[in-house]
Amino acid sequence: MTRIAVAKGDGIGPEIMDAVLSVFSAAKVPLEYDFVDMGKWVFDKGYSNGMTPEAQQTIESLGILFKGPMETPKGKGVKSVNVTARKTWNTYANKRTFQTLHGVDTVFSKAGIPIDITIVRENIEDTYGGIEHMLTHDVALSRRFITRPGSMQVIKYAFEMAKKKGARRITCGHKANIMKITDGLFLEVFYEVAKDYPELKADDVIVDDLCMKLVSKPDLFDVVVLTNLQGDIVSDLCAGLVGGLGFAPSANIGDHISIFEAVHGTAPDIAGKNIANPTALLLSGIGMLRHLGLMESAAMIENALLFTLESGIHTGDFGDKAVPSVNTTQFTEAIIANFGKLPAHNPKPLLADQPVTPTVFKLEKNPMLETIESNTEKIVGVDMFIESNEQPQLVAEKCLKHTLDLFKLVTISNRGTQVWPKGSVFTNLVNQYRCRFESVEELALTQVDILELYKRLSADFKICSTELLNAWGDKKAYSLAQGQ
Ligand code: NAD
């Protein structure tokens, strides 16, 4: 028996988790459960990360968490326990599979267009760092982290998974035409990893074009890997293609701990009514069984689920409105009654079990992910973000007083658009400028030089934020302003 941690969650969480565990129990799945305390009521008890220390300890010692959806209390300044769990335990790859389910009518199923798309979403970085500040009363800033080792982890996982799945194509969705440094890095890593998988057709599509293509020709796609926020949005779009959030399972895969959950939330509008659709959580649980090598149980349960859907049995959120819906309990009982039956479409082969006991890792220190840079790094300037409601020319004149012999003022931009030395009077301004100082003749600067400039500028402006301008060899490690 393999032990896993289970958190039932909030809202419809306990109802759908009980439904799934009753299917597992009827199928004699060889799992034992340690129920852990996570979710809204744990926040309410004063645990600011939404889980008790005992829950954290149990999950870290078992390596697998199967969880229901959890609510984040609004307006209390606390972070989502769902995101905290994924980030704390470095579950870097969020795998979401979307398949045509017969019995779940969609535009595509009616048109006979089959869908089988796996989205792999980076799960730790991007704007989900939640590092946000108000720089002035009017200006909010969010930091978006895309890292080389973080991208490497998720992209390697995506390629490896695509290879095992026998995928024909793996696509990177991105916006590197605009975010040249951040999405550019993700895309660069994608093609670096692609070299090790010549058998897979690897290509990339800009994310807006990807959305258009997914809704017009979804059968063209197989595995798609994206950064965190874009992946979140695109995966909900894919959920829509196969019938909605009630059918979208999700696995958060890490090297040490993995979390299995549905994509949907706590559905407070239907909680406690025993009418929720447990399919997404059941599909997530089936994915977890395969992850644990319990192939036969996974296939038997999935075939029974597919057979049930094909037979037209449905909860209230989908299916033929002319056929009365069943409640969560009845839906679950129907699946159990269909054990051993094979669906007409996509029956899953009953592969032999290859049980995998999750390795329990006892880490003594936090893993440091670092790649080695061969080029020499130097500081060649600084971006000073300053608060001012004055016109660009006046801001420039004040800056120019402080450049010393070391710096030249290269550009001033407002919301990323250059407004000095050239610009347009039609550009609307907000009360925050970015003033870019570069070293004269690209000399290497020290942090003390930057501090001196900071000190001098602060006589005229409130400096809201600074960012060093680095160069590696001849390569500038920063973007240009629009219009520069
Ligand atoms: P939601 O997914 O809970 O609900 C959106 C709509 O879909 C609602 O009308 C709901 O009734 C319906 N729905 C969702 N799951 C269903 C199911 N299994 N069966 C039938 N209908 C279903 O999204 P929301 O209302 O934006 O969020 C509610 C709460 O859930 C929030 O507190 C949010 O933070 C949380 N949330 C948690 C997770 C998670 O735990 N991973 C994910 C998303 C949202």
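All values below were derived from every heavy atom in this structure, side-chain atoms included, with hydrogens, water molecules and symmetry-related copies excluded. Counting starts at 1 for both ligands and their atoms, in listed order.
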- Message: Under 6.0 Å from the ring centre and within 45 degrees of the ring axis: does the NZ or CZ of Lys213 meet both conditions for the six-membered ring of Phe221?
- Response: no
- Using heavy atoms and a strict 4.0 Å limit, residues surrounding ligand 1 turn out to be Ile12, Lys67, Pro69, Met70, Glu71, Thr72, Asn82, Arg86, Leu245, Glu261, Val263, His264, Gly265, Thr266, Ala267, Pro268, Asp269, Ile270, Ala276, Asn277, Asp317
Would you tabulate the side-chain donor-acceptor contacts of residues 246-255 under 3.5 Å, counting partners in other chains and residues two or more places apart, or write 'none'?
from: Ser250; atom 1: OG; to: Asn94; atom 2: ND2; distance (Å): 2.9
from: Asn252; atom 1: OD1; to: Asn94; atom 2: ND2; distance (Å): 3.3
from: Asn252; atom 1: OD1; to: Asn123; atom 2: ND2; distance (Å): 2.8
from: Asn252; atom 1: ND2; to: Ile259; atom 2: O; distance (Å): 3.2
from: Asn252; atom 1: ND2; to: Glu261; atom 2: OE2; distance (Å): 3.0
from: Asp255; atom 1: OD1; to: Tyr92; atom 2: OH; distance (Å): 2.5

Which donor-acceptor pairs under 3.5 Å do side chains of residues 299-308 form with protein atoms, sequence neighbours excluded?
from: Glu302; atom 1: OE1; to: Arg290; atom 2: NH1; distance (Å): 2.9
from: Glu302; atom 1: OE1; to: Arg290; atom 2: NH2; distance (Å): 2.8
from: Asn303; atom 1: OD1; to: Lys348; atom 2: N; distance (Å): 2.7
from: Asn303; atom 1: ND2; to: Ala299; atom 2: O; distance (Å): 3.3
from: Asn303; atom 1: ND2; to: Lys348; atom 2: O; distance (Å): 3.0
from: Thr308; atom 1: OG1; to: Ala304; atom 2: O; distance (Å): 2.6
from: Thr308; atom 1: OG1; to: Asn338; atom 2: ND2; distance (Å): 2.9

- Task: Given side chain to side chain contact (heavy atoms under 4.5 Å, CB included), test Ile4 with Met288 step by step and report yes or no.
- Result: CA-CA 10 Å; Ile4 63 164; Met288 177 180 72; 3.6 Å; yes
- Message: For Asn366, is the CG atom crowded, meaning more than 12 foreign heavy atoms sit under 6.0 Å from it?
- Response: no
- The complete set of ring-ring contact (aromatic ring centres under 6.0 Å, His included) pairs with one or both residues in residues 99-149, sequence neighbours excluded, reads His102-His345
